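Worksheet: the structure to be examined is printed underneath.
All values reported here derive from a predicted model rather than from experimental measurement. The sequence lines fix the lettering, A, B, ..., with proteins before strands; numbering per chain opens at 1.
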Amino acid sequence: MSSTEIKSERYDFKTIEAKWQRHWQTSGLFKAPAKPDPKNKFYMLEMFAYPSGDIHMGHFRNYIIGDAVARWQMMKGKDVLHPFGWDSFGLPAERAAIKRGIHPKEWTMSNIEASRKTLQKVGILYDWDREVVSSEPDYYKWTQWFFIQLFNKGLAYRKKGFVNWCPEDKTVLANEQVKDGRCERCDTLVEKKEQVQWYFKITDYADRLVDGLDTLEGWPEHLKAIQREWIGRSYGAEIDFTIEESGEKLPVYTTRPDTIYGVTFMAISPESEILNSLNLDSEKQQQVDEYRRAAMAKTDIERTAASDEKDGVFTGKYAFNPFNDEKVQLWVADYVLAGYGTGAVMGVPAHDSRDFTFAKKYDIPIKVVIHPNKDTMLNVNEMDDAYTDAGPMVNSGEFDGLSGQEAIDAVTEHAETHNIGRKKKQFKLRDWLISRQRYWGCPIPIIHCRKCGEIAVPEDQLPVILPDVENFIPKGRSPLEDVPEFVNTKCPECGGEARRDADTMDTFVCSSWYYLRYLDAKNDKAPFDKEKADSWLPIDLYIGGITHATGHLIYFRFFQKFLKDIGWSNFEEPAIKMFNHGMVSDASGEVMSKSKGNVVSPISLMDQRGVDVTRLAMFFTAPSAKEVLWSDNSLTGVEKFVLKKLYPLNEKFRSSGCDLKQYFKKSDISESDWKLYLKLNQTIKRVSESYQQLHFNTAISALMELIRDYEQSQLKSDQLNDYIIVKAVQLIAPMAPHLAEELWQQFGLADTGSIFKSDWPEFDPEAITSDTVKIAVQINGKLRDTIIVAVDCDQETVEKAAFDSSRVTSYTNQGEIKKIIYVPGRILNIVVK
RNA sequence: GCGAAAGUGGCGGAAUUGGUAUACGCGCUGGAUUUAGGAUCCAGUUCUGCAAGGAGUGGGGGUUCGAGUCCCCCCUUUCGCACCA
């Protein structure tokens, strides 16, 4: 007979778990009201999940945090909304379906079924009535509706451009989906292709996306920093250079207009259109064409890998610096990015490292126009890198002597008044490329008519249904292209022959608004009802991985802002608090993965040791934000605690019928009982604070201490005995819900309803501090003794008590007492010299 | 290279934010019980020292009566950005 079986005779977790999971579902414990009291609501949300069918330790951790918080908030009397749904469109489903030779829809739906059951088995409570499935027409109808709203405002548009192309997945990717020049999903090197694609004009919201971060006090600073950097706002000036002969304007963006007199060349990106209109000599033209071809054939990695290598080709043409009419060489160089600024830069080798490297390589003149300060001069021949800091301008005509922001402002102002430039703000953020050449996604609701152009599908004709097709294997162009009954249609404007857009949307579009659909999931007239949605918004706590910092977490903020602009919401930001939990790795710190064979399934663990034990073990191992190095040893301590201490409380309960709402009075109970009552109230305080910070590990250790002290004392008062037991069980309930609910019933309290409908314990402010305190007595800051005194004791009495100790006097006798510092209730420090 | 966060026993981690460092748990050591193993119970467990004592929160300096906590320099680790002009 194994030990587990012996234990389970007493704590039969399988029966208990099944019983309460059934009960919570049938009683609708987590059914949220349609409209809550906005001042007393809590919207708890974990990130939209792809239905993979199983659940790994990382998911498990994510979900139990959300579950514990939701249950806790419910006990605190809040109207709680805790919904769940499935991000079911996209590549993984399609890939899995191809592998198994079944349709993605079939695969998706059976996975959702399995995943939902798993979550229920883990005891995670959601309001399943609000479940959404992004690949179902009743959901993606509204994804299309959003597209059309954006389209109508000019925020969804098509343009030709160089895009990231993944040759493995045979689709284009957004900038956010390319990591280190590789496809985020399959790690294939991304190529560049010039194609017409759909974009969302997120750059229109760039300022608000940056500025809004300052209002998000509940978001981790680290995460906000990542977003700020990604959006990459910078201030500078655009300055118009002029091309020799043609006189054509060639504007450049610079953050350092104060270096304008140091320009010795200009460089244009190989992708730039300007190069086509330069009228180059045939020899130069050939060299330039060849360079452009070579540069564009390179992947981003190749182009950026050797970042200290800079190369380019001289075009044979010149441009004029509008500030001093100096003639400078015009180059093509692939270190200049096409998508940023104007796709051309002014080269200031003395004050920009990249320009410096480039100029050195091609013997382009270097001209110093900034000095570190008035007394330190730069000598071109001695420079081995550019001087990029601020400093007084020199060799700059009327601007000499100005420095820093003052210099920048003066130069910019000069440019503006002479109409040769202007103040400019730039962003690194690009528009969001949302079209994909894949089958399993939300169709783009646009009809292309030869006469009328791009026409949005009228709203009453939504959804544009994704047709059921046999052959959805990616081949480099949209599979829907080859479905005539889908593509061929009539123009809604003129009624003539027209074609449907055959691309599907990036799944990140689907997940940009799902949090709103939960608020009115069944609405077939609108994506949601504004009143209902605004009564729940914003999300009070949003839990998910930091990996989405520059993707989803920017996109959904963009959508919320857009909704506000079109009058569909009163809120500017979707989530007031964001929390990133740490990863779960194996015991040696390796990420768990199938190929490494180190994956621990939370499901089999829970089968063997119980859901609540597994939950508590995960909570206890580390604070939620930190990485967990999981080993099954993590279970040992909490398992003992549950089996030997917590569950056996049912035998210690005395059924005294105590009043849970009352506080005890010191005069009514014995001194030793009072001591434990103090411990209880300190524990309530500590545990509540721990929940607030999602530091469940310290909540558990506080409860372990309480139960330890409880067992060591024999309580005289039956009332207090029961009071402490019940409060302790309430305190652990959000983390170990089945166990707590079971004990609650065994205590005979179930008549009043679920433990999660009971009042979260409040500490008795009269019973936080004991009336005696231990004071540390220090000599010169070093602990020498401790004394116990009354809490309201004055300094004189404490000193007297301290000097009664020979351990203290043996030090004070060795010198003169210079000073005595007393921190009431804590420390007495005697300075001896 | 730039930016951010972190560094506490053998291990996971605590420390009311400047006030008794190492709570709670794991592991380990000794003892009890047991035919044995496992399980359980009791005691111990930062290092050093027989002890009194001394040292001690990555290293070095500083502020303070008092520093894991604040300031400066350095080292290490993790993460993010990486030609954004």
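- With rounding to whole Å, A/L694 atom CG is found 13 Å from B/A14 atom P.
- Taking atom P on both B/G30 and B/G80, the two are 46 Å apart, rounded to the nearest angstrom.
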List every contact pair, protein side and nucleotides 54-58 of chain B side both N or O, where the distance is under 3.5 Å.
unit_1, atom_1, unit_2, atom_2, d
B/G54, OP2, A/R784, NH1, 3.2

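- No engagement by A/K424 is indicated, since no non-hydrogen atom pair under 4.0 Å with the nucleic acid exists.
- Between the P atom of B/G18 and the CG atom of A/L783 lies a distance of 21 Å, rounded to the nearest Å.
- The strand RNA chain B forms stems, runs of 3 or more Watson-Crick or G-U wobble pairs with distances below 3.5 Å, at B:1-7 with B:75-81, B:10-12 with B:24-26, B:27-32 with B:40-45, B:46-48 with B:53-55, B:58-62 with B:70-74.
- B/C74 and B/A4: their P atoms are spaced 14 Å apart (whole Å).
- Not counting sequence neighbours, the partners of A/Y199 by the ring-ring contact (aromatic ring centres under 6.0 Å, His included) test are A/Y157.
- Separating the P atom of B/U29 from that of B/G38 is a span of 11 Å, rounded to the nearest Å.
- Computed from coordinates, the A/N829 CG to B/C65 C1' distance equals 5 Å when rounded to whole Å.
- Put simply, A/Y340 has a side-chain N or O that comes within less than 4.0 Å of OP1 or OP2 on B/A85.
- Remark: the separation of the P atoms in B/C47 and B/U40 is 25 Å, to the nearest Å.
- A cation-pi arrangement, defined by a distance under 6.0 Å to the six-membered ring centre and an angle within 45 degrees of its axis, is absent between A/K310 and A/F358.
- Between A/D214 and A/R228 there is a salt bridge, with a side-chain nitrogen of the basic residue lying less than 4.0 Å from a carboxylate oxygen of the acidic one.
- Under 4.0 angstrom from either OP1 or OP2 of B/A6 there lies no side-chain N or O belonging to A/K626.
- Along RNA chain B, the nucleotide nearest to A/K179 and the one nearest to A/R256 differ in position, and the one closer to the 5' end is contacted by A/K179.
- Straight-line distance between the C1' atoms of B/U57 and B/C70: roughly 16 Å, to the nearest whole Å.
- Protein atom CD1 of A/I779 is 16 Å distant from nucleotide atom C1' of B/G53, rounded to whole Å.
- Residue A/V823 is in base contact, counting any heavy-atom pair closer than 4.0 Å across all strands shown.
- The nearest whole Å value for the distance from the CZ atom in A/F265 to the C1' atom in B/A85 is 10 Å.
- Distance check on atom P: B/A15 versus B/G37 gives 40 Å, rounded to whole Å.
- Rounded to whole Å, the separation between the P atoms of B/U63 and B/C75 comes to 24 Å.
- Rounded to a whole angstrom, the distance from the C1' atom of B/G68 to that of B/U17 is 11 Å.
- The stretch residues 223-237 of chain A touches RNA chain B through A/I226, A/E229, A/S234, each having a heavy atom under 4.0 angstrom from the strand.
- The aromatic rings of A/W432 and A/Y555 lie parallel to each other, their planes meeting at an angle below 30°, with 60° marking the opposite boundary.
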Show me the side-chain donor-acceptor pairs of residues 765-778 of chain A shorter than 3.5 Å, one per line, residues at least two apart or across chains.
unit_1, atom_1, unit_2, atom_2, d
A/S770, OG, A/T772, N, 3.0
A/S770, OG, A/T772, O, 2.6
A/D771, OD2, A/K666, NZ, 2.5

All N/O contacts under 3.5 Å from nucleotides 23-28 of chain B to the protein, with atom names and distances to one decimal?
unit_1, atom_1, unit_2, atom_2, d
B/A23, O2', A/E705, OE2, 2.7
B/C24, OP1, A/R708, NH1, 2.3
B/C26, OP1, A/K640, NZ, 3.0

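- Out of B/U20, B/C65, B/C41, the shortest distance to the side chain of A/K774 is found at B/U20.
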